[in-house]
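In the text below, chain A, chain B and the rest are named by the order of the sequence lines, each starting its count at 1.
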Protein chains: 2
Amino acid sequence: MKLQLQIKMNEALYLRNPEGSELGKNIIKHGIQLIYKYGFEVFTFKKLAEDIGTTEAGIYRYFENKHKFLVYLTSWYWGWVEYQIGFHTNNLKDPAVKLKRVIKLLASSIEDDEQTSYVNESLLHQIVISEGSKAYLTRQVNEDNKQHFFKPYKDLCATIGNIILECSPKYKYPKSLATTIIEMAHFQNFFMYHLPSLTDFGKSKEETEVIAFLNDLVFSSLKKIK
Amino acid sequence: MKLQLQIKMNEALYLRNPEGSELGKNIIKHGIQLIYKYGFEVFTFKKLAEDIGTTEAGIYRYFENKHKFLVYLTSWYWGWVEYQIGFHTNNLKDPAVKLKRVIKLLASSIEDDEQTSYVNESLLHQIVISEGSKAYLTRQVNEDNKQHFFKPYKDLCATIGNIILECSPKYKYPKSLATTIIEMAHFQNFFMYHLPSLTDFGKSKEETEVIAFLNDLVFSSLKKIK
DNA sequence: TTTTAAATAATAGTAATACTATTATAAATA
DNA sequence: TATTTATAATAGTATTACTATTATTTAAAA
């Protein structure tokens, strides 16, 4: 029997828990596939309904709108990343080694995780790179934030910030450096593939180079005050 | 008589040059105001037409669609920033002083520039912070890029990358560090105001702190190999 | 000057999107 | 068995993002 990994989700993100029914799981599974295929702007609940073989109203029973669906997916992703970080840094003593591990996890593409049957993490990772910031770059950020929609992202930022402080207790910008790592792991990847002249890895297109850049950036800041 | 500053724009971004008529200038002026007011998603050409006192088709004679209008505005902004950087670093010899000046320019809010009558740079700066990345985080990036829509952003990145190399000729990631500065100057500002716990400046909300963080980040990377 | 053509503007449409409201059907409980 | 309750399907609507057609003005040619 397989172990099922469950990410705890904010209930205000959905009308009906998609993890509680076959249709719900299909919405997530095919939703990820279609956003990956079309991009978030061109993706619609109608296309999703047709893809699954249900009606538009069927989707609306689970998610109030497209935006909340995106926030749901990105939240799930950040929760999953947090879990991965916990798992992969569990036995590590040296905080610098831990931090390097975190950077690698954030900047590497991902194999589909068998523990989560209806979520393709590999596609979701790509979606978060291209669409993730659209979850908060909206006019409703403040209201969404009041409902704690961005808690998983904040938790991750806090976790990474704490590892940074373990490395250099006197460093003054742990949280800002954490968001810099998170966002740049994704942006440099996006630029590398789509606007290569904005990076120094346009030729090789190697994730390892993004990782090297981030390591250099982060440990230059931390080493001098260690 | 006033000097008029003109930013050279990619002609593929518009159907008819908006700088060449009163209606065109009004589209830019009121477009900036309305995107600032509503956010890009809620902003429509119909609202813009009503605001100006023309018809929807009137706008479509100038811009093919909303997306190209956003790309136009962000291009204009990056061109203007490039001009500002040239202007403010003109007489500076020391590249480190130059780079500090650039960081300050990117991370500071802006006063409206009198040289450009129909563009409110202060509002446009806020728009680029919240909406700027939506110009390239789309499914059409590759085609848009082929038409050189992102040249002003790339030019700016190259300019900053060169200043970085002046500081430290052996630094390996000048372009990636440049995009990190540009993006983080904006993201840290957005987070500071909307998701403050993602930064270390949530309490004070001081732009000077963002600047200090970026200076620390950049010069830590550069100093050690100077 | 008159005619003609080219450019510009206004009007009226349309397909698609993002929903909502209503009605129908099935399952669970009294 | 009757009756809530939950779920699903159908049909609708306002708005969006455009396009096509017609009208008007301006400019150039005859």
query = Taking all atoms of both residues into account, what is the closest heavy-atom pair of Gly31(B) and Phe43(B), and its distance?
reply = O-CE1, 4.2 Å
message = Less than 3.5 Å apart, any donor N or O on the side chain of His194(B) or Asn145(A) sitting next to an acceptor on the other?
response = no
ask   = Below 6.0 angstrom between ring centroids: does that apply to Trp78(B) and His125(B)?
value = no
key: Glu131(A) and Lys134(A) ion-paired at < 4.0 Å   = yes
Please write out each protein N/O paired with an N/O of nucleotides 22-25 of chain D under 3.5 Å, distance rounded to 0.1 Å.
none

ask   = Are Lys66(A) and Phe40(A) in a cation-pi contact, defined as NZ or CZ under 6.0 Å from the six-membered ring centre and within 45° of the axis?
value = yes
request  = Would you please name every residue forming a ring pair (Phe, Tyr, Trp, His ring centres under 6.0 Å) with Tyr36(B), sequence neighbours left out?
outcome  = none
inquiry  = Ring-plane angle category for Phe191(B) and Phe187(B), please: parallel below 30°, perpendicular beyond 60°, tilted otherwise.
reply    = perpendicular
task = Name all residues meeting the side-chain contact (heavy atoms from CB on, under 4.5 Å) criterion together with Leu15(A); count only those two or more places apart in sequence or in a different chain, and write none if there are none.
result = Glu64(A)
query = Rounded to whole angstrom units, what separation is found between the CZ atom of Phe63(B) and the P atom of dA17(D)?
reply = 16 Å
ask   = Quick one: Ile59(B) CD1 to dT8(C) P, roughly how many Å, whole number?
value = 16 Å
Please list, pair by pair, any protein nitrogen or oxygen found under 3.5 Å from a nitrogen or oxygen in nucleotides 15-21 of chain C.
| from | atom 1 | to | atom 2 | distance (Å) |
| --- | --- | --- | --- | --- |
| dA18(C) | OP1 | Lys66(A) | NZ | 3.3 |
| dA18(C) | N7 | Glu56(A) | OE2 | 3.3 |
| dC19(C) | N4 | Glu56(A) | OE1 | 3.1 |

key: Shortest non-hydrogen contact from Gln140(A) toward His67(A)   = NE2-ND1, 3.4 Å
Listing time: all N or O pairs from protein to nucleotides 4-8 of chain D that are below 3.5 Å?
| from | atom 1 | to | atom 2 | distance (Å) |
| --- | --- | --- | --- | --- |
| dT7(D) | OP1 | Arg16(A) | NH2 | 3.3 |
| dA8(D) | OP2 | Arg61(A) | NH1 | 2.6 |

task = Check ring pair (Phe, Tyr, Trp, His ring centres under 6.0 Å) between Phe45(B) and all other residues, then give those that pass, not counting sequence neighbours.
result = Tyr60(B)
